[in-house]
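Scroll down for the structure; my scribbles are underneath it.
Just so we're on the same page: letters track the sequence lines, and every chain starts at 1. Small disclaimer: the values here were computed from a predicted structure and weren't measured.
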Amino acid sequence: MAIIQEKRTKIIDLLHTDQLGESVVVKGWVRTFRNNQFIALNDGSTLENMQAVIDFSATDEQLLKRINTGACIAVKGELVESKGKGQSVELVVSEIEILGDADAEKYPLQPKRHSLEFLREIAHLRVRTNTFSAIYRVRHIMIFAVHKFFTEKGFYNIHTPIITGSDAEGAGEMFRVTTLDAVNPPKNESGDPDFSEDFFGKETNLTVSGQLEVETACLALSDVYTFGPTFRAENSNTSRHLAEFWMIEPEMAFYDINDTMELAEEFVKYLVSYALQHCTKDLEFLNRRALDEEKNKPQIERSELSLIERLKFVANNDFEKITYTEAIEILRNSKPNKKKKFQYLIDEWGADLQSEHERFLVEKHFKKPVILYNYPKDIKAFYMRQNDDNKTVAAMDVLFPGIGEIIGGSQREERYDELMVRIDELGIPQEDLDWYLDLRRFGTAPHSGFGLGFERMIQFVTGMTNIRDVIPFPRTPDNAEF
RNA sequence: UCCCCCUUAGCUCAGUUGGUUAGAGCGGCUGACUGUUAAUCAGUAGGUCCUUGGUUCGAGCCCAAGAGGGGGAGCCA
């Protein structure tokens, strides 16, 4: 029987169970082939390779030449204690089959270090590298941890729509969803495209947030969350923005802003701890990778803590909670403000904080994650609950070192009259929000929620500095390859 | 959308003041070696110097426009 038809054992299972002396089949992709004898084989089940040892003198020369980096092979042999130093076990090959050749002259991945920029151009192949396979394994564990955390807390996962007919959220520019002819659409009397003839009979877009829809479930199921893709057509060209990203948005009935800040902190710590416990090998690798990367930087730019030290620090220390007003005071009296080092100087209450200010608070002043809350109402969204001071709303942001805003949330305005005032002030067409206002008309309740940018969380956990490297196929302005 | 930087071999990069035949390391290929760990050693091939236009006796190098990539800002998650 050909080996391809035989059941294979995953490498991770061979490394962690005692099957010494047994005959096993391993299938995977060749990383390196050294000395005409040693195949480093990887099947993605773990960062580690299985060393398959072949007797080159007894192997066909034409077959040996096909064992190239990137080729897919199946090997059968005895699992033995390794005679070499780099691994505990190895496979003494009795049979080998090439399942898929990889022409060494054309295969772009070489047994050497590649730049992240180059790998981004071959995103369909970069998952075959240690770095990206580690990132995607961590990403999976984090997805699982999100569902585990909320399930254990009695939250229900709600699938909110991806195509939405509601454009009132105001979180950003939207992508239109249409089946109308782009070149020659049907026109209405005023000469504009006639969306009543469109697939849904109205204008539709890709969602920028599931919040408004998940609030409907909150006011029935109490504690709910949505975890799905979101789309922003903003022309953002930074290392922390994507046009398509994944967001986790819990919404809790009877939570006020303080309950929400507590939950956000507990959630983030849980995710970090879960990764530390369940992605040990991958995180150790990413830790070494980050250290190597830092060596190329000038001393001042290097971080004080290693990746794993940072993760442990976040998991084990309380976040700093301060109000917007307190933050303004700290910033106003800060050295960079007095010495006019900030590009935007802080002088009066009410200004939105720039990322230089957020970075100062998180990275210089407190040296830990910071939760800012009670922002001026004028710089925040219409649905946030107004505080008794009539100046601020019960909004909060969680700020992380190196990443900036990782969570944004608020207590929602549950009072119909107050909500209507804000909708009028901002000139939002009421008919678009009628269903949302029903939630305040019928059985309204205090409730709160937040949004966590999943890729920013993955950035923090993996230490990757560019968000395009933590999602398999990044979507950014002028780039939708694959 | 704005500001700055980059684009030379498959990859990472050197390339002096504008001057003859554009280099290195890694990778590939050929061979040697055969318990290697991104193996090692020897040899070898490989170039639209991003594109277009311009300046010049002469452009990888200077100028202009465009394309692609990166860093930062804004917007945010």
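Residues of residues 57-84 of chain A having a heavy atom closer than 4.0 Å to RNA chain B, listed by number: A:Lys65, A:Ser82, A:Lys83, A:Gly84. Across residues 338-368 of chain A, A:Gln354, A:Ser355, A:Arg359 each have a non-hydrogen atom less than 4.0 Å from an atom of RNA chain B (numbered order). At a non-hydrogen distance threshold of 4.0 Å, A:Ala104, A:Glu105, A:Gln110, A:Pro111, A:Lys112, A:Arg113, A:His114, A:Ser115, A:Glu117, A:Phe118, A:Arg120 from residues 99-128 of chain A come into contact with RNA chain B.
Between A:Arg240 and A:Glu455 no salt bridge is recorded (no basic side-chain N to carboxylate O distance below 4.0 Å).
Atom P of nucleotide B:rG69 and atom CG of A:Asp469 are separated by 14 Å, given to the nearest angstrom. Whole-Å rounding puts the A:Asn235 CG to B:rC75 C1' distance at 10 Å.
For the residue pair A:Tyr383 / A:Gln211, a side-chain donor-acceptor distance below 3.5 Å is found, with atom types taken as modelled. Residues A:Asp103 and A:Asn68 have side chains that never bring a donor and an acceptor to within less than 3.5 angstrom of each other.
A distance cut-off of 5.5 Å between ring centres, combined with a plane angle under 30°, leaves A:Phe38 outside any stacking arrangement with the base of B:rG35.
At a threshold of 4.0 angstrom between heavy atoms, the contacts of A:Ile403 with the nucleic acid are absent. Base engagement by A:Thr238 is indicated by at least one non-hydrogen atom pair under 4.0 Å involving a base atom.
The list of salt bridge (charged side-chain N to carboxylate O under 4.0 Å, His left out) pairs with a residue in residues 77-86 of chain A, not counting sequence neighbours, is empty. For residues 54-63 of chain A, no residue pair satisfies the salt bridge (charged side-chain N to carboxylate O under 4.0 Å, His left out) rule, not counting sequence neighbours.
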> What dot-bracket string describes RNA chain B from 5' to 3', counting Watson-Crick and G-U wobble pairs whose defining distances are under 3.5 Å, with [ ] for crossing pairs and | for pairs to another strand?
Replying inline: (((((((..((((.....[...)))).(((((.......))))).....(((((..]....))))))))))))....
